[in-house]
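The structure under discussion appears below in the form of C-alpha cells.
By convention in this document, chain letters (A, B, ...) are assigned in the order of the sequence lines, proteins followed by strands, and residues within each chain are numbered from 1. Hydrogens, waters and symmetry mates are skipped; everything else that's a heavy atom, side chains included, is used.
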Number of protein chains: 2
Amino acid sequence: MIELSKAEFDVLDALWINYPATASQIIERLSDDKQWHEKTIKTLLGRLVKKGALTFEKEGRQYIYTPCMERADYTLKESQNFIERFFSGRIAPLVSGFAKSEQLSQQDINELKKVIDDWEKNQK
Amino acid sequence: MIELSKAEFDVLDALWINYPATASQIIERLSDDKQWHEKTIKTLLGRLVKKGALTFEKEGRQYIYTPCMERADYTLKESQNFIERFFSGRIAPLVSGFAKSEQLSQQDINELKKVIDDWEKNQK
DNA sequence: AATTAAAGACTACACCTGTAATCTATAATT
DNA sequence: AATTATAGATTACAGGTGTAGTCTTTAATT
C-alpha cells in the first residue's frame, strides 16, 4: 500500500474533489481550510507523484494532475489497517466504543441499520 | 491528544496487557511478535514517558511502568480522529465501505446488530 | 526581441521515527 | 571490598514530514 502522510492525503483529497486539476486549482481549494504556502502544496504534489499516488500531463507550462487511485479504495485500505492495528481486525469493537461513549447519534444508527440491511439483502 | 507513533503504540499495547510491569516483562511480551532489539524497546519506553503516556516507579534499579490512560480511551480518540479525517466524522460510511468490498462476515453483522440493540435499549 | 512573471525543480532545515550502540551508575556476585 | 552485569540515560543516524525558500525554465507581456 502506498503510504501517505497526513498533509499528502489532504492534498490528494483536494484533488479527489474534482480531477484532473492543476496545481493552482488544488491550491485554491485548500486555501479555505489550510494556511499552507503555495510552495508547501507544490512540494506535497511532488511527493505524491514520487510515491505514485498521482500522475500528470503537461499542458503549456502547467501540470494537470490525476489521482492514481480512487478515494474509496484508499480509505478502505486505511480503514482495514486501522482496524487491524487497534481492534485486531474486528469492526464491531470500534462501533461499540463509539456507542459506549455516546458518540452515536440516531442518524448514525439509522445509517448503520441500512448498511446491515443492504448487506443482508445481498446475501440472498 | 497525545500522539504516539506506531512503534510506541505497540509498546504501550504490550503494557496494557497487564500492568504495572517492568521493561523486561514488556520486552518479553513483545518478543513473540516483533524482532526488536531490547535497546529499541527501552528507547520507546523512554519516549512514551517523555510524551506522558506512561509513568513509572523505581524499584531497586528497575522501573515499574504504568500507562497513564486506558486502552479504550486511547483507541476511541484515535477512532474519532480517523473517522473525522477520512469520513468527515460519520461512522456509517466506514462500515459501508467494508460491506461493499465484502469485508463483513456474518459474525461482524451479528456483533454490529448487538451494538445497535444495546444502544437502543439505552435510549429508553 | 527583451523583460517579467509564474510553474515546476531543487534545496533546506528542524523535528519525528525506527532502530540501535555506547556510556554511566548501581545492584548483584565473587 | 572489588568486580561484573545490568538497568536506564545519552548519543547516533538515516529516512520521513511539515513547511517553505531559492533556482531555472519558459510562457506571457511590453
Taking atom [atom2] of [N] as reference, at what distance in whole Å does atom [atom1] of [X] sit?
X	N	atom1	atom2	value
Leu4(B)	dG18(C)	CG	P	10 Å
Lys34(B)	dT17(C)	NZ	P	16 Å
Glu57(A)	dA7(C)	CD	P	19 Å
Lys6(A)	dC16(C)	NZ	P	14 Å
Lys50(B)	dC16(C)	NZ	P	7 Å
Glu59(A)	dA7(C)	CD	P	14 Å
Tyr63(B)	dT26(C)	OH	C1'	12 Å
Lys42(A)	dA12(C)	NZ	P	20 Å

>> Within a 6.0 Å radius of atom CD on Glu120(B), are there more than 12 heavy atoms belonging to other residues, nucleotides or ligands?
In response: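 Yes - once you tally the heavy atoms of other residues, nucleotides and ligands closer than 6.0 Å, there are more than 12.
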> Are side-chain N/O atoms of Tyr74(B) and Glu78(B) paired as donor and acceptor at under 3.5 Å?
Replying inline: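 A pair is found: one side chain offers a donor N or O, the other an acceptor, under 3.5 Å apart.
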>> Checking side-chain polar atoms at under 3.5 Å, does Gln80(B) have a donor or acceptor matched by the opposite partner on Glu84(B)?
In response: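 There is no such pair between these side chains.
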Inter-residue atom distance [X].[atom1] - [Y].[atom2], 0.5 Å rounding:
X	Y	atom1	atom2	result
Lys100(B)	Leu76(A)	NZ	CG	10.5 Å
Ser79(B)	Leu94(B)	OG	CG	9.0 Å
Ile41(B)	Leu48(B)	CD1	CG	11.5 Å

>> I want to verify a distance call: between dA7(C), dG18(C), dT22(C), whose nearest atom is closest to the Lys39(B) side chain?
In response: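 Given the options dA7(C), dG18(C), dT22(C), the side chain of Lys39(B) is closest to dT22(C).
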> Can you check whether Trp36(B) has a side-chain N or O nearer than 4.0 Å to OP1 or OP2 of dA20(C)?
Replying inline: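 The answer is no; no side-chain N or O of Trp36(B) sits under 4.0 Å from OP1 or OP2.
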> Under the ring pair (Phe, Tyr, Trp, His ring centres under 6.0 Å) criterion, do Phe82(A) and Phe86(B) qualify, and how do the steps go?
Replying inline: CA-CA 11 Å; Phe82(A) 181 88; Phe86(B) 293 109; 8.7 Å; no
How is [X] classified with respect to the nucleic acid when contacts are heavy atoms under 4.0 Å: base, sugar-phosphate, or nothing?
X	value
Thr40(B)	base
Gln35(A)	sugar-phosphate
Lys58(B)	nothing

>> Can you work out whether Glu38(A) or Arg61(A) has the more 5'-proximal nearest nucleotide on DNA chain D?
In response: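 Closer to the 5' end of DNA chain D: Glu38(A).
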> If you find the nucleotide of DNA chain D closest to Gln62(B) and the one closest to Thr43(A), which residue's nucleotide is nearer the 5' end?
Replying inline: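 Mapping each residue to its closest nucleotide by heavy atoms, the 5'-most match is Gln62(B).
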>> Among Gln107(A), Lys113(A), Lys114(A), which residue satisfies the side chain to side chain donor-acceptor pair (under 3.5 Å) criterion with Glu111(A)?
In response: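 When side chain to side chain donor-acceptor pair (under 3.5 Å) is applied between Glu111(A) and each of Gln107(A), Lys113(A), Lys114(A), only Gln107(A) qualifies.
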> Which residues, if any, of residues 73-81 of chain B bring a heavy atom under 4.0 Å of DNA chain D?
Replying inline: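 Residues of residues 73-81 of chain B that come under 4.0 Å of DNA chain D do not exist, since none gets that close.
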>> Students should find this one: the first and last nucleotides of DNA chain D, 5' to 3', lying under 4.0 Å from a heavy atom of chain A. What are they?
In response: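 Range of nucleotides within reach of chain A: dT17(D) to dA27(D).
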> Are Ile64(B) and Ile17(B) in one and the same hydrophobic cluster, where Ile, Leu, Val, Met, Phe, Trp and Tyr link if side-chain heavy atoms are under 4.5 Å apart?
Replying inline: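 No, it is not one cluster - the side chains of Ile64(B) and Ile17(B) are not joined through contacts under 4.5 Å.
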> For Ser24(A) and Gln62(A), which heavy atoms make the closest approach, and how far apart are they?
Replying inline: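 The pair with the smallest heavy-atom distance is OG-OE1, 3.6 Å.
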